Amino acid sequence: MLIEKSQKITFIHGWLFGPYIWSGVTEYFTNIKKHKLISLSGYSSKNTVNNKQIVENLLKSAIQDDIILSYSYSAALILSSNNLVSCKGTVILINPFFKPKENSISDFYTDIKIDFKKNIRRFIYDCVKKGDEQTKSNYQSLLKLFEKNYIPSMESLCLDLQYLEKINFPDKLNTPLKNLHIIQSSSDEVNNTDVFNILESKKFNTYRLFNNSHFPFFEFDEIYEIIKNIK
């Protein structure tokens with residue numbers, strides 16, 4: 001199995017939520033000797049490297065049996081990278097952000113410029129929304145986690161939204177890649193999953209999470225079971 005022979009796993013977060021999202025996840029991979037958490041530009045006071053370049057460098061430097069575990073925005077950056085095909089490591093993407101389920105990125109861009117706090121909270125709620133009694137408690141937990149950690153500037157977040165708006169995935173994803181695995185939550189209220197459905201129909205390595213939201217880290221067991229069984 002992959003995780004039994006891997007020596008290094010790299011975690012890269014998504015939009016809005018920084019590397020703290022992996023705090024409980026890393027405990028699942030204690031058998032892997034080296035863990036690396038990457039901060040995208042704007043998610044710490046030190047990192048100023050372009051996010052696209054961060055992803056390109058990561059894909060180029062990965063060696064066989066390395067694992068890259070990426071979520072949402074960073075997963076979208078990886079899917080759009082010209083270095084994905086030549087990457088030697090195993091790339092596992094969780095809920096890659098294709099496009100919004102409702103409205104558009106430009107609408108959200110405008111909304112957070114008008115009222116940042118209100119619309120960011122609405123986004124956080126949508127990230128955990130899945131139509132059950134856990135939604136409220138998960139929202140409170142994620143909001144608290146977000147507010148006590150480093151919060152990117154509105155300017156940085158808006159730049160990321162502008163980049164996401166320009167990405168075109170289907171043109172780049174025609175042939176399944178053996179080392180690429182894509183995990184998608186069934187109750188994702190943030191992400192439009194049409195592209196995931198296309199990749200599934202093209203026989204990419206795709207996996208569906210049942211009764212899980214766009215932010216799936218409160219219930220990571222199902223994701224770990226998928227990763228544990230990758231050969």
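Along the sequence shown, residues carry numbers from 1. Only a predicted model underlies this, so the values are computations on that prediction, with no experimental measurement involved.
Residues Tyr224 and Tyr28 bring their aromatic ring centres within 6.0 Å. A distance of 6.0 Å or more separates the ring centres of Phe98 and Phe196. Centroid-to-centroid, the aromatic rings of Tyr150 and Tyr43 stay 6.0 Å apart or farther.
The minimum heavy-atom distance linking Ser70 with Ser74 is given by the pair OG-OG, 2.6 Å. What you find for Ile12 and Trp22 is that their closest heavy atoms are O-CZ2, 3.3 Å. The two residues Asn83 and Ser86 have their closest heavy-atom pair at O-OG, 3.3 Å. Nearest approach of Phe218 to Leu142, heavy atoms of both residues: CZ-N, 3.9 Å. Considering every non-hydrogen atom in both Ile94 and Leu69, the closest pair reads CD1-CD1, 3.8 Å. For the residue pair Phe210 and Glu222, the shortest heavy atom distance occurs at N-OE2, 3.2 Å.
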Checklist entry - How far apart are the C-alpha atoms of His35 and Phe29, what are their side-chain angles, what is the distance that settles it, and do they pass the side-chain contact (heavy atoms from CB on, under 4.5 Å) test? => result CA-CA 9 Å; His35 290 194; Phe29 302 97; 3.9 Å; yes

Checklist entry - Going through the distances and angles, do Gln140 and Lys136 end up as a side chain to side chain donor-acceptor pair (under 3.5 Å)? => result CA-CA 6 Å; Gln140 293 170 341; Lys136 185 176 179 180; over 6 Å; no

Checklist entry - For Phe97 and Tyr73, what are the C-alpha separation, side-chain angles and deciding distance, and is it a ring pair (Phe, Tyr, Trp, His ring centres under 6.0 Å)? => result CA-CA 5 Å; Phe97 187 86; Tyr73 171 45; 8.4 Å; no

Item to check | Working for side-chain contact (heavy atoms from CB on, under 4.5 Å), residues Ile120 and Ile124 | outcome: CA-CA 6 Å; Ile120 288 298; Ile124 292 172; 4.0 Å; yes

Item to check | CA sep, side-chain torsions, deciding dist, call: Lys231, Glu4, salt bridge (charged side-chain N to carboxylate O under 4.0 Å, His left out) | outcome: CA-CA 9 Å; Lys231 297 180 180 180; Glu4 294 174 354; over 6 Å; no

Checklist entry - Are Ser186 and Leu209 close enough, and set up right, to give a side-chain contact (heavy atoms from CB on, under 4.5 Å), and what steps lead you there? => result CA-CA 6 Å; Ser186 61; Leu209 295 174; 5.7 Å; no

Next on the checklist: Is there a side-chain contact (heavy atoms from CB on, under 4.5 Å) between Val55 and Leu59? Walk through the geometry before answering.
Outcome noted: CA-CA 6 Å; Val55 165; Leu59 293 173; 3.9 Å; yes

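Looking at Thr110 and Asp107, their side chains never come closer than 4.5 Å, going by heavy atoms from C-beta outward. Proximity of Asn205 to Pro176: side-chain heavy atoms (C-beta onward) are nowhere separated by under 4.5 Å. A 4.5 Å side-chain heavy-atom check between Leu93 and Val91 finds at least one atom pair inside the cut-off. Residues Ile21 and Phe11 are not in side-chain contact: their nearest non-hydrogen atoms beyond the backbone lie 4.5 Å or more apart. Between Leu143 and Tyr125, the closest side-chain pair of non-hydrogen atoms is not below 4.5 Å. Within the 4.5 Å cutoff, the side chain of Ile54 has no heavy atoms near those of the Leu77 side chain. Side-chain contact between Asn149 and Leu145 is present, with at least one heavy-atom pair separated by less than 4.5 Å. Using a 4.5 Å heavy-atom cutoff, the side chains of Thr90 and Ile68 are not in contact.
The aromatic rings of Trp15 and Phe108 sit perpendicular to each other, their planes meeting at more than 60°, with 30° as the lower class boundary. Ring-plane geometry between Phe215 and Phe217 is classed as perpendicular, the angle between the planes exceeding 60 degrees on a 0 to 90 degree scale with a lower cut at 30.
When atom types are taken as modelled, the side chain of Thr10 and the backbone of Lys36 share no donor-acceptor pair closer than 3.5 angstrom. Within the 3.5 Å criterion, the main-chain N or O of Ile182 finds no donor-acceptor partner in the side chain of Thr206. The closest donor-acceptor contact from the side chain of Ser213 to the backbone of Asp188 lies at 3.5 Å or more, if one exists at all. The closest donor-acceptor contact from the side chain of Asp66 to the backbone of Lys88 lies at 3.5 Å or more, if one exists at all. Listed for the Asn179 side chain is a donor-acceptor partner under 3.5 Å among the backbone atoms of Cys87. Of the possible polar contacts, none joining the Ser156 side chain to the Ser153 backbone as a donor-acceptor pair under 3.5 Å is found.
Once rounded to the nearest 0.5 Å, the distance linking OG of Ser80 with CD1 of Ile167 reads 4.0 Å. Here the CD atom belonging to Glu219 is positioned 9.0 Å from the CG atom belonging to Asp221, to the nearest 0.5 angstrom. Residue Ser41 holds its OG atom at 7.5 Å from CG of Asp160, rounded to the nearest 0.5 Å. Taken from NE2 in His181 to CG in Asn229, the straight-line distance is 11.5 Å, to the nearest 0.5 Å. Rounding to the nearest 0.5 angstrom, the gap separating the CD1 atom in Ile92 from the CD1 atom in Ile9 is 6.5 Å. Taking CG of Asn191 as the reference point, atom CG of Asp126 lies at 12.0 Å (rounded to 0.5 Å).
The cluster map of Ile, Leu, Val, Met, Phe, Trp and Tyr, joined by side-chain heavy atoms under 4.5 Å apart, puts Tyr71 and Ile105 in the same cluster. Taking hydrophobic clusters as Ile, Leu, Val, Met, Phe, Trp and Tyr residues chained together by side-chain heavy-atom distances below 4.5 Å, Leu16 does not share a cluster with Leu159.
No hydrogens or angles considered: nothing links the side chains of Lys166 and Gln162 as a donor-acceptor pair under 3.5 Å. A donor atom on one side chain and an acceptor atom on the other are found under 3.5 Å apart for Ser81 and Glu56. Side-chain polar atoms of Asp65 and Ser6 form no donor-acceptor pair below 3.5 angstrom.
Looking at Ser72, Ser185, Ser187 one by one, the single match for side-chain hydrogen bond (donor to acceptor under 3.5 Å, both in side chains) with His214 turns out to be Ser72.
Salt bridge annotation for Lys101-Glu189: present, with a cationic side-chain nitrogen under 4.0 angstrom from a carboxylate oxygen. Looking at Arg121 and Glu147, a side-chain N of the basic residue comes within less than 4.0 Å of a carboxylate O on the acidic one, giving a salt bridge.
By the 6.0 Å contact criterion, NZ on Lys99 is open, its count of non-hydrogen atoms from other residues, nucleotides or ligands being 12 or less. Counting heavy atoms of neighbouring residues, nucleotides and ligands inside a 6.0 Å radius, atom CD of Gln53 exceeds 12 of them.
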